[in-house]
Amino acid sequence: MDVNPPHADDTLLASLTDAQREAVEHMEGPLLILAGPGSGKTRVVTHRIAHLIRQGVPSRNILGLTFTNKAADEMRQRLARLVPGQPPWMGTFHGFCSRLLRRHGPLVGLAENFSILDTTDSRRMLKNAIKEAGITLTHTSLDAIRDEISWAKSRLMLPDDYQPRLGQMVGDLTREIYPVYRRLLLETNSVDFDDLLLHVGTLLSDSESVREELDQRFRYILVDEYQDTNMVQYAIVQKLSMTHRNLAATGDPDQSIYGWRGADVSNILRFEEDYPEVKVVRLERNYRSSKCILRVADALIEHNQHRKHKELYTRNDEGQPVRLVRYMTGHDEADDVANQVAAAVASGDRQYRDFAIFYRVNALSRALEHALRRLQIPYQVVRGLEFYQRKEVRDLLAYLQLLNNPRNDVAFQRIINMPPRGIGKKSLEHLERHARRHRISFFDAAGEVGLIESLTRRASVSITKFVAIISGIAADPDQDLAELVARVATESGYREFLGEKEESLDEDRLANIDELISAAREFDEMFPDEGLERFLEQTALVADIDKLDPDPDQVTLMTLHAAKGLEFPTVFIVGVEAGLLPHERSRDDEMQCEEERRLLFVGITRAEQELQLSYTRRRMMRGTHRTAIASEFLLELPRGEMEMIEPPGEADYPEGLAVSADNFIDGGPADRFDGIDDPHPASENLDRDSLVENLSARLTTAAAMARDGLEPSTGGMAPEDYSEGMLVEHPRYGPGRVMELSGKGPKRTATIKFFSGEEKKFRLAFAPLAAIVE
DNA sequence: ATTCGCAAAGTTTTT
DNA sequence: CTTTGCGAAT
């Protein structure tokens, strides 16, 4: 059978637009595809690969790099439909680098059976490093150091090159700890996520022969989501396309949402400088969303100052207006969203799978899950790591890690006394000291307990038993993976340990262990030749989104970050509130704020036909509830053409005290605390929130309001206008009373006692406070 | 050494 | 509200 009928390529090309075809037919030389949301980017990329293959390029010479396994899988599948046969290498950056390191690890000091530490394990390792360096952290958190090291690594900085970020107190500590951390990683034959990339980066600069070989091998490279690459990824890709400059990058600067992880948008902007002969293709026509939705998205993103203008358009229908809804509480929000889903499905217009609900932080999923469950609506939360985060699963995996790489001290630490076998902190410390002194791994130290005099007899015996268990399991190299996991569960005593206790919790745990065994079996069946190493690699490198199952008819819940690359007929974005989106921690930084705006942009552009944005007036967070305020981003939307809704009936008011929407505007029960005079009674309800919120005195908000013809009313209050006893409201702490005033001008400070009981001091010139008119 | 209990802390986004 | 971590009791 001819897998390449001569006409196939023509048909393939015929279904594309001019711009798309231009990209698809491009063969030699660098290519930059700037693809707006919903512009058929994946289609173009897969078709281009298919085209390359049809033109005779062997698929082994093609490399496709994505950010998630899901994206890679999808491309692989779509490609398989176009050109059957051996697919090219498609995978994540991290997966690709891991595979390279298995082969070339020795060049950077790693044995091929190195372990990949996830966030938790690397934290543990860092703890060891800090201890080893003889440092006790006082005013700096472990995570601050971790972030700093991670940041340095993402900028290709080794300990010797390390330059602290300006004004970082952690800089000095990091300078001391980073070298030790790195040394421990190498000594234990382990890498963290950043290392996967960094080692490959240095490998490619240090070894010209390896670089050359790989450059030859991967003649055509495609990088997806290029706007989210960091400097290391940039360097890797660049090194691999020196001889063959066939680098194709696709991306959209407006969808760059991983700056916090070290991604550098300037990579995409620099592309044209690095490859002057680049062919740039712009895909601006949107095939996904209705006109209404696209206009909202466009209006929002136009507010980003650091951005090249881009014309997005669609020939899709006008569609329904985007809904902007205000709820009383997060509960009401969740209930109403669930009701809407149920109603649409009941009427036959929609299936569950047509809906997605997005939020900024995972914490918001709880209320939604609750509401959906109550209506018996099937749903899936894209938070796949959960299973691998379970204690019992992690414990068992640690056994496997140790079996695979006996130098993995972190794994050793985790399981040496799990299940409890009488080896406590003291014994472990003796063991550790011995290991450090002789520069051997914990496991090797455990093998020579006879030499450690400080250990008690009891501990020595236990440790020796432990070593015997591990060695016993390791002795049989032929066992398949499922068998191996099962043996570990049994022979480690873990199963028995859980079985003894008769608690339902432990039954769950036993079930999880069995599930891990099934996962191992599944892996065996799918990749019979891949070993333990690959199984562990796979468990370490899964992302949340990878667990998304497109098959079942379920509503999908996920963070905005996870939503990238997906599309749904109906989208709800909840919690569009100040402090949440943009997130509090981005508030003070203009660049970060723009990233938050892009995040909302990404969310909006996932919607095909219907979109609802919502916010609440009060939201329960970490036990207590706080007054919520509409996000400043909502002021940037074309509200005139949107549908503004406030559902009546607020569950938390006593029956009989039904409150109509109008009452809220005029100061119904709910407005007890924020009865500010509304100078624009005729304007949309949102404006009243904006009055409270403009207090936060963000420039963007002020600008937005100026455009909307709104006067900031209370926000402009001078520090001298405050008086003791005055009622004020703070966007974060809610209402409170001014207790004390001191200072003058910009230094004027107020002590405010909030109704929550908290007492805080504020510099009035800067504090986002609003006076409440009594 | 283990276990239990309480207190504190801390909560963005993820490979 | 939940989880993590630490300290005291057994």
Side-chain angles (χ1 to χ4, degrees), chain A residues 65-72 91-98 116-120 122-124 127 141-144 146-147 150 153-154 191-198 225 228-230 232-233 256-263 330 358-367 370 382-385 388-389 391 416-429 456 458-459 462 497 501 537-547 558-564 575 579-587 589 592 595-596 598-600 602-603 619-626:
Chain A
L65 294 173
T66 61
F67 274 79
T68 62
N69 296 299
K70 182 174 177 297
T92 64
F93 262 103
H94 289 83
F96 173 69
C97 289
S98 176
I116 300 170
L117 306 189
D118 66 8
T119 314
T120 316
S122 83
R123 206 174 271 143
R124 184 93 173 238
K127 220 178 228 174
S141 73
L142 189 97
D143 281 328
R146 226 188 79 83
D147 284 352
S150 176
K153 285 184 174 180
S154 79
V191 299
D192 62 19
F193 287 139
D194 300 311
D195 281 340
L196 284 172
L197 306 175
L198 182 57
E225 309 283 10
D228 286 329
T229 53
N230 65 26
V232 186
Q233 288 162 325
S256 153
I257 54 176
Y258 285 101
W260 54 272
R261 207 168 77 183
F358 303 150
Y359 33 80
R360 175 65 231 268
V361 297
N362 276 307
L364 291 194
S365 77
R366 203 173 286 273
H370 185 77
V382 177
R383 208 196 294 125
L385 270 63
Y388 291 108
Q389 295 296 1
K391 177 170 163 31
I416 177 65
N417 201 31
M418 200 64 228
R421 37 175 84 85
I423 305 163
K425 222 164 83 184
K426 270 274 162 55
S427 308
L428 187 59
E429 239 160 57
T456 63
R458 203 163 84 101
S462 286
F497 167 68
K501 317 195 207 171
E537 177 177 303
Q538 196 212 307
T539 57
L541 296 181
V542 283
D544 280 347
I545 191 65
D546 298 335
K547 288 274 283 195
M558 67 182 106
T559 64
L560 286 162
H561 280 88
K564 193 161 65 165
L580 218 45
L581 182 65
H583 194 272
E584 206 148 8
R585 291 181 62 157
S586 302
R587 189 171 282 254
D589 184 292
Q592 285 183 46
E595 180 156 313
E596 299 278 319
R598 290 193 292 270
L599 196 52
L600 181 56
V602 166
R619 187 171 295 276
M620 188 78 143
M621 285 217 101
R622 54 184 173 200
T624 54
H625 43 196
R626 54 185 256 193

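Here is the naming used below: chain letters follow the sequence lines, and residue numbers restart at 1 for every chain. Side chains are part of it too, since the values below use all heavy atoms of this structure and drop only hydrogens, waters and symmetry mates.
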Seminar exercise, completed: Nucleotide by nucleotide, nucleotides 2-10 of chain C touches protein heavy atoms under 4.0 Å in the pattern (B base, S sugar-phosphate only, - none) ---------

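The side chain of A:Asn362 places no N or O atom within less than 4.0 Å of a non-bridging phosphate oxygen (OP1 or OP2) of B:dT12.
A:Lys426 has its NZ atom 13 Å from the P atom of B:dT2, to the nearest Å. B:dT13 atom C1' lies 13 Å from atom CZ of A:Arg598, rounded to whole Å. A straight line from CZ of A:Phe358 to P of B:dT13 spans 16 Å, rounded to a whole angstrom.
Ion pairing between a basic and an acidic side chain is recognised when a charged N comes within 4.0 Å of a carboxylate O; A:Arg598 and A:Glu595 show such pairing.
Stacking annotation: A:Trp260 is stacked on the base of B:dT13 (ring centroids less than 5.5 angstrom apart, interplanar angle below 30 degrees).
With contacts defined as side-chain heavy-atom distances shorter than 4.5 Å, the pair A:Leu65/A:Thr229 does not qualify.
Using a 4.0 Å heavy-atom distance criterion, A:Ile423 is classed as a sugar-phosphate-only contact. Using a 4.0 Å heavy-atom criterion, one finds that A:Tyr258 contacts the sugar-phosphate atoms exclusively. Among the protein residues, A:Asp118 comes within range of no part of the nucleic acid, since none of its heavy atoms lies under 4.0 Å from any strand.
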Any N/O pairs under 3.5 Å between the protein and nucleotides 6-11 of chain B? List them or say none.
from	atom 1	to	atom 2	distance (Å)
B:dT11	O4	A:Arg622	NE	3.4

